[in-house]
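Please read these numbers as outputs of a predicted model, since none were measured by experiment.
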Amino acid sequence: MTRMFAASLFVFCVFAWGAIRFPHEMKNRRKNRVTVSHVDRRERIVLFISLAGLGLIPIAYTVSMAIRDGRGILSSADWGFSPTLAIFGLFVWIGALWLFYATHRQLKRNWSQTLELREGHTLVTDGVYTLVRHPMYTAFFLWGVAQAFMLQNWIAGLAGIVGFGTLYLTRVNREEAMMREAFGTQYDSYVERTKRIVPYLH
């Protein structure tokens, strides 16, 4: 395992992530009308920050390495490459992809990319949702961890955790307030028996 190969595997996993999400997004746009939306300027800004950290920065880093024979635009921030850490990161990525797929499969018509509720929205509390209230956020954080271990660069590697962490901290309270307004005591009861993103901890 080399740094370039690990970075290439990382980008492949990013595209696999998109392959999971794209069909759900297209289907929801065609058949599932939005009835509640809290998408505002702040939401759009943090979505872009998350996209930059999880996608734009690490992909630019990897592409520039390929073009410049291993010396990417952020290579000065590389730390000593460890194949063992890169392989560990790949396994974390596989876990993130599985959880991301399971979450989409379970949400079905209830899925939305942002702060929206759709027509006929129901509260999903079974399957992976018995462990945490926001398993998709868990999957994104796992992506960030995998990114750090596979790229092993202080900027491109950690950009995912920083980027998505910014979105999470900005959005999660607003999302839960929206769900509480929609589902009332049913949601309160669900909150009492689950954690947000890490089972039994947080």
Side-chain angles (χ1 to χ4, degrees), residues 6-7 9-22 24-25 42-62 77 79 82 84-107 110-116 124-125 127-179 190-191 193-202:
L9 282 175
F10 170 81
V11 172
F12 175 82
C13 289
V14 172
F15 282 100
W17 190 278
I20 293 170
R21 168 154 286 185
F22 183 74
H24 293 275
E25 187 166 350
R42 177 172 62 171
E43 174 70 3
R44 292 187 181 95
I45 289 171
V46 295
L47 275 170
F48 177 76
I49 291 171
S50 181
L51 172 65
L54 290 168
L56 300 180
I57 293 172
I59 289 174
Y61 167 75
T62 302
W79 69 70
S82 165
T84 302
L85 290 181
I87 292 169
F88 174 75
L90 178 61
F91 280 106
V92 173
W93 238 130
I94 292 168
L97 286 167
W98 175 85
L99 182 58
F100 191 64
Y101 172 78
T103 304
H104 275 84
R105 184 178 176 85
Q106 203 161 346
L107 283 176
N110 298 302
W111 175 78
S112 180
Q113 184 176 348
T114 187
L115 291 173
E116 296 173 339
V124 178
T125 61
V128 292
Y129 283 86
T130 61
L131 299 174
V132 289
R133 300 194 296 277
H134 304 282
M136 196 170 295
Y137 289 173
T138 306
F140 272 105
F141 272 121
L142 289 173
W143 170 345
V145 170
Q147 181 172 322
F149 283 114
M150 294 182 76
L151 300 187
Q152 300 179 35
N153 177 282
W154 290 110
I155 299 174
L158 298 180
I161 292 173
V162 173
F164 184 73
T166 301
L167 183 144
Y168 172 77
L169 292 172
T170 304
R171 179 196 278 181
V172 68
N173 287 330
R174 299 178 71 198
E175 182 172 342
E176 295 206 332
M178 180 179 71
M179 298 296 285
Y190 179 51
V191 168
R193 64 179 187 269
T194 53
K195 298 295 185 182
R196 278 179 169 170
I197 58 173
V198 181
Y200 312 111
L201 293 177
H202 171 71

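Here CE of M150 is found 11.0 Å from CZ of F91. Values are rounded to the nearest 0.5 Å. Remark: E116 CD to N110 CG distance equals 13.0 Å, nearest 0.5 Å. Distance CZ/F164 to CG/L169: 9.5 Å, rounded to 0.5 Å. Here CE of M136 is found 14.0 Å from CD1 of I197. Values are rounded to the nearest 0.5 Å. The CZ atom of R42 lies 11.0 Å from the CG atom of L167; values are rounded to the nearest 0.5 Å. Atom CG of L97 and atom CD1 of I20 lie 5.0 Å apart (nearest 0.5 Å).
Checked by atom type and distance alone, the side chain of Q147 pairs as donor or acceptor with a backbone atom of A156 at under 3.5 Å.
Contact record, L54 with G160: CD2-CA, 3.5 Å, taken as the closest heavy-atom pair.
Residues meeting the salt bridge (charged side-chain N to carboxylate O under 4.0 Å, His left out) test with E175, sequence neighbours left out: none. Scanning for salt bridge (charged side-chain N to carboxylate O under 4.0 Å, His left out) contacts around R174 gives D40, with sequence neighbours left out.
Residues in residues 143-156 take part in no salt bridge (Lys or Arg N to Asp or Glu O under 4.0 Å) pair, two or more places apart or across chains.
No more than 12 heavy atoms of other residues, nucleotides or ligands sit less than 6.0 Å from atom OH of Y101.
A ring pair (Phe, Tyr, Trp, His ring centres under 6.0 Å) with F10 is found for exactly one of F149, F15, W93, namely W93. Results of the side-chain hydrogen bond (donor to acceptor under 3.5 Å, both in side chains) test with H134 over R196, R171, E176 single out E176 as the only residue that passes.
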What do the steps show when you test K195 against L201 for side-chain contact (heavy atoms from CB on, under 4.5 Å), and what is the final call? CA-CA 7 Å; K195 298 295 185 182; L201 293 177; 5.8 Å; no
Apply the test side-chain contact (heavy atoms from CB on, under 4.5 Å) to residues V46 and Y168: give CA-CA distance (whole Å), side-chain angles for both, the deciding distance (0.1 Å), then the verdict. CA-CA 9 Å; V46 295; Y168 172 77; over 6 Å; no
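Here F140 and W17 bring their ring centres to under 6.0 angstrom of each other.
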